[in-house]
Amino acid sequence: MRTATLGPAQRAESLAGMAERELDILVVGGGVVGAGTALDAVTRGLSTGIVEARDWASGTSSRSSKLIHGGLRYLEMLDFALVREALKERGLLLERLAPHLVRPVPFLYPLQHRGWERLYAGSGVALYDAMSMARSHGRGLPLHRHLTRRHALRVAPCLKKDALVGALQYYDAQMDDARFVATLVRTAVSYGAKAANRARVTGFLREGERVVGARVQDVEGGGEYEIRAKQVVNATGVWTDDTQAMVGERGQFHVRASKGIHLVVPKDRISSTTGLILRTEKSVLFVIPWGRHWIVGTTDTGWDLDKAHPAASSADIDYLLEHVNSVLAVPLSRDDVQGVYAGLRPLLAGESDATSKLSREHTVAHPAPGLVVVAGGKYTTYRVMAKDAVDEAVHGLDMRVADCVTEDIPLLGAEGYPALWNARARIAAEHGLHVVRVEHLLRRYGSAAREVLALITENPTLGAPLQGADDYLRAEVVYAASHEGARHLDDVLTRRTRISIETFDRGTRSAREAAELMAPVLGWDKDQTEREVEHYEKRVEAERESQRQPDDLTADAARLGAPDIVPL
């Protein structure tokens, strides 16, 4: 089994190694596109490094709708190329690249008009399935089906009887977006890439007009490194313009941030065996199955405030509740909301009408010698964006470089996953765990679950659930710090697990135990452990306060009441 460790020692070695000798490719930005770019580059045989100012996936890539989808609504816009591309990527992820992380999810689309709507929407969904099957990357998903109102209400009893005259059911896929990115980074490292989070680019190195690397500050240790590279790839998403400003080059396009918020509610609040997709006056609204919860989202509003911590206002929450309640027989209230999270989409905004039309498509540019910029796009097509970015960078390398091979590179944990899934009962018996616990581990780590189980074998107390978050084992907290690059309590409760949005207390009951489990791995003393817990509690309170505010300005001000933690 191929594996890689993103522990404290590996991070220090990576920073030192990147500064020691010139890289072929340095990727700036540790979201899904940056991580995908690092994997693409290193698997072509290029010496590769990747740095991220905060935590892996701490921006947009941990705050999405958690969907891997073809973009059904883009068919309505006649954007067939984008849908075809996304459907191919969905199939690759489901069947070959990450079957342990990406899985099918059903959606019900209620019909509200007789006759024409079933024909219109049904034709679109049929085309969606046909495009998926055309490239042999959709056979793992059931085909869509037409339902009568009676049948639809059996599948989704939560719906008001007068909210539909019938329905269509189709399938897409979902994943844990932050876990996916951490796995991408670890996969890149397993092939030889050097990776460091909490490593902020403070400026670019220049020789004449050429960009030849970056100055990188170790946010944790305080040191500064000069990392030289033949090509630098800027994959910083909504921070693209800020990063470009360090170079002093005028961009060929700009990236605009669009805020989307999501609510997380317990499974028993919505009685349904399927997800829902609903039309609103502006876009579509999803109700997405998420373990023992539902995710309800999303909004789409402009955002020009703090990019690191976009805040959900009371108006945002009311908007989602109002729209989802319009079809629910038993409406949701504020008291039903366990978690709320807000994220920013990086939308391309060009200096002319032609480029502004790109919107959810992506683009790659070479604004200065030695510097490539990749921006826009959607989560599902990250691999294509990464390929295009590396293809562009290769033009600036004075060497022969292999073509992209990531279509055939399974992510860490995919190898041997089906066999381990089939053996889950035996594995559970061997480790004294309930089979449900082993299924949980396999769905999160794939074949790398054996590394988590090894921690439990070494220390059986790690096989117990974490206090206040019964879905997660204590071993997962230790593993997050030792293998997955978690540097702070927030990294574990918000991204390596989803405790911060899956519990009514938002992880505060789990915080102290989790911090104490992380402390020996990361070398924290009692004071640092206490600071981690205190910071997390302040962060939760600041988020709650922001969600009580009436608008973006007041919500942003409230959220900024909890500063980021920096170790002393």
Side-chain angles (χ1 to χ4, degrees), residues 31 52-55 57-65 178 198 200 202 219 236-243 245 254-264 282 295-323 333-335 337-347 349 488-491 493-495 498-501 503-508 511 531-568:
E52 158 59 38
R54 298 188 296 145
D55 185 27
S58 56
T60 302
S61 295
S62 62
R63 307 171 190 222
S64 73
S65 297
R198 308 285 176 180
R200 178 180 291 114
T202 57
V219 178
T236 51
V238 294
W239 286 272
T240 297
D241 290 5
D242 304 86
T243 312
H254 296 289
V255 174
R256 180 173 60 84
S258 168
K259 184 180 73 168
I261 83 144
H262 296 79
L263 311 180
V264 182
K282 296 177 183 177
I295 292 175
V296 180
T298 180
T299 58
D300 187 358
T301 54
W303 180 265
D304 56 6
L305 302 168
D306 179 62
K307 294 188 184 78
H309 305 292
S313 68
S314 180
D316 293 327
I317 295 169
D318 287 343
Y319 173 87
L320 286 182
L321 289 175
E322 177 187 347
H323 280 80
S333 72
R334 283 288 188 110
D335 292 339
V337 178
Q338 273 184 304
V340 181
Y341 65 93
L344 301 177
R345 303 177 192 86
L347 301 181
H488 294 287
L489 179 59
D490 188 36
D491 300 342
L493 297 183
T494 306
R495 285 172 290 277
R498 292 303 189 159
I499 293 169
S500 67
I501 58 171
T503 57
F504 278 109
D505 63 273
R506 307 209 177 167
T508 54
R531 277 195 296 273
E532 293 283 340
V533 175
E534 183 181 347
H535 165 265
Y536 186 78
E537 289 173 345
K538 285 182 177 177
R539 189 208 107 155
V540 170
E541 183 47 45
E543 287 189 346
R544 287 188 187 278
E545 183 61 29
S546 71
Q547 290 153 21
R548 290 190 280 264
Q549 301 307 308
D551 55 40
D552 283 353
L553 274 173
T554 52
D556 179 64
R559 176 59 187 89
L560 292 178
D564 286 342
I565 188 164
V566 176
L568 299 177

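Only this structure's heavy atoms are used, side chains among them; waters, hydrogens and symmetry mates stay out.
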**Report entry** Contacts of Ala53 that satisfy side chain to side chain contact (heavy atoms under 4.5 Å, CB included) - sequence neighbours left out
**Finding:** Arg200
Query - Set of residues satisfying side chain to side chain donor-acceptor pair (under 3.5 Å) with respect to Arg506, sequence neighbours excluded - result: Gln547
Query raised in the report: If every non-hydrogen atom of Ala57 is compared with every non-hydrogen atom of Ala178, which pair is closest and at what distance?
Result: CB-CA, 3.9 Å
Query raised in the report: Can you name the residues that form a side chain to side chain donor-acceptor pair (under 3.5 Å) with Arg495, not counting sequence neighbours?
Result: Asp55, Asp491
Query - Ion pair check, Glu543 and Arg559, cut-off under 4.0 Å - result: yes
Query raised in the report: Looking at residues at least two apart in the chain, or sitting in another chain, which of them share a salt bridge (Lys or Arg N to Asp or Glu O under 4.0 Å) with Asp318?
Result: Arg334
Query raised in the report: Side chain of Ser64, backbone of Ser61: donor and acceptor closer than 3.5 Å?
Result: no
**Report entry** Counterpart residues, salt bridge (Lys or Arg N to Asp or Glu O under 4.0 Å), relative to Asp306 (two or more places apart)
**Finding:** none
Report summary line: Tested for side chain to side chain contact (heavy atoms under 4.5 Å, CB included) against Leu489, the lone hit among Glu534, Glu532, Arg531, His535 is Glu532
Requested in this report: Name all residues meeting the side chain to side chain donor-acceptor pair (under 3.5 Å) criterion together with Glu545; count only those two or more places apart in sequence or in a different chain, and write none if there are none.
Outcome: Arg548, Gln549
Query raised in the report: Can you check whether Leu305 reaches Asp552 side chain to side chain, under 4.5 Å on heavy atoms?
Result: yes
Query raised in the report: Closest approach of Ala311 and Ala342, non-hydrogen atoms and distance?
Result: C-CB, 4.2 Å
**Report entry** Trace of the side-chain contact (heavy atoms from CB on, under 4.5 Å) decision for Val340 with Ile501
**Finding:** CA-CA 6 Å; Val340 181; Ile501 58 171; over 6 Å; no
Report task. Could you walk me through whether Ile261 and Ile317 pass the side-chain contact (heavy atoms from CB on, under 4.5 Å) test, one step at a time? Result -> CA-CA 8 Å; Ile261 83 144; Ile317 295 169; 4.1 Å; yes
**Report entry** side chain to side chain contact (heavy atoms under 4.5 Å, CB included) against Leu344, all qualifying residues, sequence neighbours excluded
**Finding:** Thr60, Val238, Ala257, Lys259, Trp303, Lys307, Pro310
Query - Audit row: Ser546, Glu541, side-chain contact (heavy atoms from CB on, under 4.5 Å) steps and yes/no - result: CA-CA 9 Å; Ser546 71; Glu541 183 47 45; over 6 Å; no
Report task. With sequence neighbours excluded, tell me which residues meet salt bridge (Lys or Arg N to Asp or Glu O under 4.0 Å) with Arg63. Result -> none
Report summary line: By salt bridge (Lys or Arg N to Asp or Glu O under 4.0 Å), Asp241 pairs with (sequence neighbours left out) none
Requested in this report: Would you please name every residue forming a side chain to side chain contact (heavy atoms under 4.5 Å, CB included) with Ser500, sequence neighbours left out?
Outcome: Thr494, Tyr536, Arg539
Query raised in the report: At what distance, to the nearest 0.5 angstrom, does CG of Asp316 lie from OG1 of Thr299?
Result: 5.0 Å
Query raised in the report: Are Ser58 and Glu52 close enough that some pair of their side-chain heavy atoms sits under 4.5 Å apart?
Result: yes
Report task. Please name all residues satisfying side chain to side chain donor-acceptor pair (under 3.5 Å) with Thr298, sequence neighbours left out, ordered by chain then number. Result -> Arg345
Query raised in the report: When rounded to the nearest 0.5 angstrom, what is the spacing between CG in Leu493 and OG1 in Thr508?
Result: 9.5 Å
Query raised in the report: For His323, what residues pass the ring-ring contact (aromatic ring centres under 6.0 Å, His included) criterion, not counting sequence neighbours?
Result: Tyr319
Query raised in the report: When you look at Ser258 and Asp300, which way does the side-chain hydrogen bond (donor to acceptor under 3.5 Å, both in side chains) test go after all the steps?
Result: CA-CA 6 Å; Ser258 168; Asp300 187 358; 2.3 Å; yes
Query - Modelled atom types, side-chain donor and acceptor of Asp556 and His309, under 3.5 Å - result: no
Query raised in the report: Would you say Thr240's side chain and Val255's backbone share a donor-acceptor pair under 3.5 angstrom?
Result: no
